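Taking it in order: structure first as structure tokens, then the write-up.
Fair warning: this is a prediction, and the values are worked out from it, not measured in the lab. Chain letters run A, B, ... following the sequence lines, proteins first and then strands; every chain starts at 1.
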Amino acid sequence: MSGSFFGLGGPADDPIARERAAFRASMPGASALDTRLESMALNDGLRDQLDEVHDTFNDETFDADSRVITGGDFDFFQSTTAGQGRMAPQQQQAAGAPRKVMTLAELEAQLIPQRHTPAPAPAPVARAPEVAWPPKLARADPETIAARRAERLQRQAALTKYDNLMSQRDKDFIIRIQVSQLLTDDPAADDFYCHMFQLSRGAVPAAGATQQRDGAGDGAGGDASSAVRALQEALAQRGVQAPVGGEPEQLGAGAQRDQHFGRARRSNTQSSMARMQQQVQRFVNEARRRPKIPHVALEGALGKISVNSARNPKQVIQVQRGHSSSVSHPAHDAKQQSPSAYDLGGVFSGLGDARSPAAERRKTLRAVENVYTAVLRLEQLIREHSRLPSSADHPSVQNWVRAYSEARDWAWAELGAAQPIMNVYPHPLVRFLAFSKGKRVIPRLAHHLSIDQVLALTTTIIANFESLDVCRFGSFGQSAESSISTRQREETELFLHAALPPALSFLSEASVQLVNGLLALFMERNNVAWVARTRPALVFLTVVLGRTAALKQAGALGAGDDPQALYQATELYNHLFGTLQGGLSSVFPPAALSQAGDPLEDAYAWQFLATLALGASVEQQHALVTEVRDKVLEAIQLAKSGRFPADVAAAITANINLFLNTLGLDASQVTM
Amino acid sequence: MADTAAALTVEEPLDLVRLSLDERIYVKLRGDRELRGRLHAYDQHLNMVLGEVEETITMVDVNDEVQTQSLRSVNRTVPMLFVRGDGVILVSPPSRAA
């Protein structure tokens, strides 16, 4: 770069410093402090854009005389006190006089009289300091207007006086350095947390990526797009009309501001955004041509200097762990191989649980974390999938397929859903689901599983339904005591919203035979009357019965389903009804809840009864109505009692009608 | 981020901390402080992000006249907290009494 830019010469050959010194000298009796005070008084709403002359922040860099720095004693104190009592340093340097270190008292003495002397030039305008925003346009007398305009022109002239000092080449050089720091091969991985955060706050605008893609090759779209996008969003929030959407209220405020400043500023920023994007694309292409090597080796130097950045941080020392695994305890080994141990001897596995619950817990936690690792890997593979070449023969594609199926199989193994049901209590899958993080990972994992695996998962859940933690406290909470604790409630919600839906959506697409089989399994392995008090079981039964009814309807329309399977479905239904009969009123949550808490909590119970009524024969319907009559009356009374606002009462009635309508009745028919 | 080691066949002590992710833990810090909260994130320096944290500071009040010392603890609750790993002494599951 040209030497003059960094002021390697003295004031004589530095045009900037010369001009600046001249400008300062032209202001009567002013010092740096004076001019700063003056600019404060003249605040015209250009806000934080400090005038070029008042910006002394970098002066010690740009004005510094290297001869003073490198030769002799460099006085750090003097040169770094920013502007305090510092007269034009160039004159001092030229004189060669040693700078005086001022004591605090002397500094103060210098400052205080300066503060009190009013600068003559700004006096007429200081009358109307524009510190408030928006500017008061009410003062209409022509004198102030003319004065203000003159003032503004003067300021603009001062601002633009040093424009165009850097050539385009200089600016590109600096921008290239800055942008090269942002380049990344895989923005999805490198900016992962930022992306996820933006997603969770409400959509990352995807337009930025398409603007960048130039056909310059795969991955070019990623390269600085995230940074450019972030910049666009930041500008959008400042009220500049954003190429990509911004928030409405901020846009409104920005538009208002723009009216005062005219269109020039806005379109300026827009076109500069476009220019910047072009430049960024150019830099991206250049950077791809010259790959950045992590080591720098100078000529004649004895070795490599490693360049650390955010992309290649300092590596942690890797310790060889080969020998330590052979030293592990044999019992520990046995636990490690436990999946196969289940096949060998159910006796020992059962004992294993009772022997050390802490170890079992840790084992389950380890399984959960392994599933998480696998799921993260699967999701990363999915993201990479779009960047793969399209032909199936390419080795990288085959690698990808292999890695994907490996990760999926590993996750499936760790999940433990495929393990035989009889051996261990509680089943590994049940223990897995006992943790809230276990429940949370199920939908993410189910996304990648095959249909058979989802079926196996559903089967295992059904077979062990009553040992699920959510069922265990659901049922106990139905005792005369107060409601179940918040934590239990949260776990139940989490189970119903996260873990169960994949199984339920599978069920709602399943064939008659499958549904029958699963319902039979459910009734065989669980104590239906007991488990029917819990909300998860009721939700499950609702879905199953609903699916059966839909299939029966399709069968009645001659959709060609197996009539024997439909007959079997009816048999199962009767069996279910028989088991539940006599205890139907207990499907409702305890009365204490509905009075103290949300009256709409029993919605799930009404839905269950509605689906139950769907498949009921006439006698069964009679039995149904007899049993829940009290509940119905109570609910209607609650709705009519006026204790709740109109919409809540309407919702209660709607719930009841869900049930009554399937029987051909309606809440309005009930006379009180 | 995604390419952590495969099955944790060889366990390092930090892997045990990983098992406690999203669980309530007990952390002992320098300066006679203890935290009980839900572990959301950690790293190799044991910088941690904890949620629903209850911090207990134990102080000793010296009473000069009577020449006694008494223990006093101060509690405060913080919804989300970042702990610098420098000050962590130990991390453990909370005592099973909870």
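Interface remark: A/Arg440 contributes side-chain atoms only to the contact with chain B (heavy atom separation under 4.5 Å). Within the 4.5 angstrom heavy-atom criterion, atoms from both the backbone and the side chain of B/Leu21 approach chain A.
Nearest heavy atoms, A/Lys437 versus B/Arg18: NZ-O, 4.2 Å.
Distance CG/B/Leu19 to CZ/A/Phe435: 9.0 Å, rounded to 0.5 Å.
Under the 4.5 Å side-chain criterion, counting only non-hydrogen atoms from C-beta, B/Asp15 is not in contact with A/Glu369.
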